Enquirer: 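Below is a structure I'd like to ask you about.
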Amino acid sequence: MITDGVPLTLTVNPAALAQRITRILQDRPLTPAPIILVAAAAHWPYEPVLVTRTGIEFEVVGAESVLAIWEQLVAKRTMPAVILTPVPEEMLGTGLLSRVVHRSVFRMEPWAIIADSFGAQRIDPRLAELRWAGPALLEATPAKGWPPLAGTVLQRDLTLRHLTVERLGLRRLDVEPDDLDDAVLLRWSALPTARQDLDRLTDAERFGLLTWLGETFGPTGRMLGLLAETDHIADLLPLGLLCATLWADPNNADQRAQGRVEQYAGAAHLDPAAMRAYGAAAQDITIGLFNGSDRPLAGRELTPQQVLERAEDLLTMFSAHAAAEHSSVLPTGFDRALAAVAHALDQALGGTQTAVSTAEAAAQRLAGHMLAGRYRHRVQRAEMAVRLLRWLNTPPRSFADTGEAIEAQIAEWSWVDTALEHVWAGDDAHTDLARTYRVLDERVRVRRKALDSAFAEVLARWVRHPAGAWTVESILGKVVEPVVRDGDRGVLLVVLDGMTAAAANELTAELTDNGWQEYDPAGARAAGGARRRGVVSGIPSVTAVSRTSLFTGLLRRGNQDDERAAFEQHQLWNGRTARLFHRNNLYGDAGGVLNADLVAALSEPDTIVGVVINTIDDALDHGRESADAGWRLNQLGVLRTLLEHASYQGRAVILTSDHGHVLDRGGQLRASTDPASARHRLDAAVASDGEVELSGPRVLDGDNRIVALWDEGLRYLPRRAGYHGGASLAEVTVPVIALLPLGATAPPAWRPLGTQEPTWWNASTSPSPSAELPPAAVPEKARKPSRRAHEQGEALFDLTASEPTQAAPDLVEAVLASEMFRAQHALTPRKVPIAKVRGALSALLRANGTLPVVLVAQGAGETATRAGGFVTTLQRIFNVDNFAVLSIIDDGRTARLDLALLRQQFGVSGSIR
């Protein structure tokens, strides 16, 4: 057995000593109490009494000299004793040795003890050659001993993995020996205790361990060794972020800054390829920590933000700001990306397609920065600005009547309004970007104003001879009643008072990301294909006219009492119970979100429930607390809770409005002798610029004649946050959103809808405004969640809930079997199981390459909460050389797979079935 190089003063720990004593005392009588001499350091800072594996208790004492050994020998004892001593056996007399077991001093013989603990019969010669490893393994022996390993040979690398986990305290990071990789080393180095972990080791062990880590874990392991020698180990992770950008471009390297880094690492020559690999690993782990897809650092002693701050300090120290311009992780890179967006947008205002493409690329780079999630509003505004540029470059869409105009508002122009509201919010931290946003806003509003002017003319003709358009009073008969007549489900009708089609766009996208599927309620019987519907509000577009008409099913003016009485007793319900809840009977008492009567109504499947939520309409009078554009689910009162009840009960949800609105953007006050609202008047003065006279049977005010404002920049009453009652497209268009919980069986007339964005909304995709999903893509019955899914938290919905036609098995398997995929998958720090990749890829191919990121994750068996991080990891696998095989579009909600590029990059030709 190899014992050379093991000092007599070997430091032992309780587990190793107990293991050795168990063997010595095996089959030996314990009376009188035997005394065992062990060659080891006399210092014993542990419990004075240990217990062997067989249950024998023994006392442990230390003795630095022969005299100290004699003192221990003559002491009275009632149990076996172990005396640890550094005194060589040849210095002990026969009289002393005659009193101890075996009449000799036992050596710890590290490799024998270690092999026995691991359950091995032989030691890898490469391990035995490491003279420092035996004592280190002995000293580091865990309390329960080293775990038994498969096989008969104690392999070098596996054994040193176990030693590293113990010596570096990696269990604080929940790391097991098999988990050890460069990412673990980076995370460990960011702990404040990392330096102390190394300092506790002997020089020989520290050098040996760092050498092995460098050999095993490549550039990151080697850089760890260099920084440990220069006492800069805490900078391993932040320095990696800097190196990722300093060595990113071999043809345009900042050699002076690179030289400063080499001096910082002990004047070592740093290979460019190794630095790029090290930097990529540092970026990956930082991104994982930052977005929460990776486990946090132990105790959060060092946050990702502190890592970034230190990286910025190093950036300044090495004068490397120019290189950081292209960093996708460092804050300086984000600032430079914003500046690039500002410049590109300014150039693109000239209108050339090339300039627009440059602006698209700048916005995509900004969106790809790690900090994009933190500054999501700034990224989103840049993306919205690019969308408006694309729209300005599209040919104008014409319309001949009110019905066509409403359809165009739903399909296209409301999306312009959505983007415009985000751009209006601007950027207060970047003056150039703010200026460009103002110029863009002005140009879009000129074109938008022309549309409203043309709409006012066709609306004036339509109110005299209404035909060819759905109206607000038709919602009950055309949308709700067919579901009631079908009789298989309950219905929840939610009226968000004042909601525009633009607000509905973002709200619906959020809902479809969270377990709801949108449908066209008239898809089976309407011409032109399935699409999102819109109806004409009452005239004037005020609550007393539009909402009352909606709930009564008749064109009329009224109040809440009229609405409730008509809705609850309507003949369309064929005797079924109906309940309508307004603001005053909507909210519950302490401890309950909803009124008890409303909860009871929702719990009765046969009861038709109507609810009015006034949040948006109230905001027009009083303003909003939020400075961000759009309306989110959590900003709309009890809507979230209502939808949770509806989902649980399997109700069909009709989400609509009574009228839209326009926001105050510093417009002008126009004088009127008889204003009936902020946007329409009753006096006899003829219509002038920005106004239109509306007269006819559909006008329920002023003896069937009003003058309404179509110019959104005008008003008749004192300034407020927003207004309605006028004749602009935004005010008159009422969106109708039909929803079902994902996996529910649809009513016969309903047809599922895909994404409804216009073609110019996304640069890399061209969805049709009337895009329709095939019925087979809608699961009929929810699958029971697996045990694993239950342990991880139930997903909001499950893509594999039904048994759809098997899609693209040839292409999926061809990709997974390709050499390029295996190489890319191996480079991913956090390995994604092949089964999950297969599920995600199959889900994307079933959807022709475009699918919400949540559904991509669900197809792979991941929970919705991890969807973003999961798809980001897939991008690292599929986006070879940064080509966008898999891209994230639509404000981070949708994943798009470029099938042609997938085949090209992975060298496959599989077919999609």
Side-chain angles (χ1 to χ4, degrees), residues 401-403 405-406 409-410 452 455-456 458-480 493-501 504 533-567 570 580 582 610 612-614 616-617 620 654-662 675-682 692-710 716 722-736:
D401 55 38
T402 297
I406 296 296
Q409 174 68 7
I410 291 292
D452 279 329
F455 174 67
V458 300
L459 182 64
R461 294 195 297 268
W462 182 80
V463 294
R464 291 193 295 271
H465 305 288
W470 282 21
T471 56
V472 71
E473 71 270 20
S474 69
I475 290 177
L476 292 188
K478 291 182 179 293
V479 179
V480 181
L493 172 63
V494 179
V495 175
L496 292 171
D497 200 324
M499 179 179 69
T500 62
R533 300 289 164 175
V535 303
V536 186
S537 73
I539 305 296
S541 54
V542 294
T543 300
V545 173
S546 289
R547 202 174 74 192
T548 302
S549 298
L550 190 160
F551 282 119
T552 61
L554 300 169
L555 187 61
R556 59 172 290 189
R557 175 183 285 271
N559 55 34
Q560 290 186 13
D561 292 337
D562 299 324
E563 295 166 8
R564 184 179 298 108
F567 180 80
H570 209 291
L580 178 59
H582 291 86
V612 177
I613 296 178
N614 295 94
I616 297 176
D617 202 37
L620 301 180
I654 312 300
L655 189 64
T656 188
S657 178
D658 50 352
H659 56 76
H661 67 265
V662 294
S677 76
R679 297 276 294 168
H680 82 281
R681 59 182 173 85
L682 304 180
V692 62
E693 181 177 308
L694 302 176
S695 61
R698 290 200 59 82
V699 181
L700 299 189
D701 208 350
D703 296 327
N704 302 116
R705 184 261 182 197
I706 64 172
V707 174
L709 293 168
W710 58 261
Y716 294 126
Y723 320 97
H724 57 90
S728 70
L729 277 161
E731 293 166 284
V732 174
T733 303
V734 173
V736 179

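This structure is a prediction, so every number in the text was calculated from the model and none was measured.
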Enquirer: Is there a donor-acceptor contact under 3.5 Å from the side chain of W462 to the main chain of A467?
Expert: yes
Enquirer: For a quick test of reading the model, state the closest non-hydrogen atom pair linking D497 to S657 and the distance between them.
Expert: C-OG, 4.3 Å
Enquirer: To the closest 0.5 Å, what do you measure between CZ (R679) and CG (L709)?
Expert: 5.0 Å
Enquirer: Between CZ of R556 and CD of E563, what distance do you get to the nearest 0.5 Å?
Expert: 9.0 Å
Enquirer: Please work out whether the ring planes of F551 and F567 are parallel, tilted or perpendicular, with thresholds of 30° and 60°.
Expert: perpendicular
Enquirer: Heavy atoms only: give me the nearest L700-R557 pair and the separation to one decimal.
Expert: O-NH2, 3.1 Å
Enquirer: Less than 4.5 Å apart, any side-chain heavy atom of E731 and any of H680?
Expert: no
Enquirer: How long is the straight-line distance from CE of M499 back to NE2 of H661, given to the nearest 0.5 Å?
Expert: 10.5 Å
Enquirer: List the steps and the verdict of side-chain contact (heavy atoms from CB on, under 4.5 Å) for D658 and V612.
Expert: CA-CA 10 Å; D658 50 352; V612 177; over 6 Å; no
Enquirer: Take R461 and V458, measure what side-chain contact (heavy atoms from CB on, under 4.5 Å) needs, and give me the verdict at the end.
Expert: CA-CA 5 Å; R461 294 195 297 268; V458 300; 3.0 Å; yes
Enquirer: Look up atom CG in L729 and atom CG in D452, then write down how far apart they are to the nearest 0.5 Å.
Expert: 5.0 Å
Enquirer: Could you give the distance from OG (S549) to CD1 (I539), rounded to the nearest 0.5 Å?
Expert: 10.0 Å
Enquirer: Testing the basics here: between A708 and G725, what is the closest heavy-atom pair and its distance to 0.1 Å?
Expert: CB-O, 4.4 Å
Enquirer: Could you report the tightest heavy-atom contact between R464 and P697, atom names first, then the distance?
Expert: O-CD, 3.9 Å
Enquirer: Before giving the answer on side-chain contact (heavy atoms from CB on, under 4.5 Å), spell out for D701 and V545 the whole-Å C-alpha distance, their side-chain angles and the decisive distance to 0.1 Å.
Expert: CA-CA 9 Å; D701 208 350; V545 173; 5.8 Å; no
Enquirer: Between CD1 of I475 and CG of L550, what distance do you get to the nearest 0.5 Å?
Expert: 4.0 Å
Enquirer: For the residue pair W470 and V479, establish whether any side-chain heavy-atom pair is separated by less than 4.5 Å.
Expert: yes
Enquirer: So which atom in S728 and which in V662 form the shortest heavy-atom distance, rounded to 0.1 Å?
Expert: OG-CG1, 3.5 Å
Enquirer: What's the shortest heavy-atom distance between T402 and L459, and which atoms?
Expert: OG1-CA, 3.7 Å
Enquirer: Which is it for L694 and W710 under the side-chain contact (heavy atoms from CB on, under 4.5 Å) test, yes or no, and what are the steps along the way?
Expert: CA-CA 11 Å; L694 302 176; W710 58 261; over 6 Å; no
Enquirer: Against V535, only a single residue in T733, T656, V734 fulfils side-chain contact (heavy atoms from CB on, under 4.5 Å); can you say which?
Expert: V734
Enquirer: Without swapping roles, check the side chain of N704 against the backbone of S695 for a donor-acceptor pair under 3.5 Å.
Expert: no
Enquirer: With a 4.5 Å heavy-atom cut-off, do D617 and H659 have their side chains touching?
Expert: yes
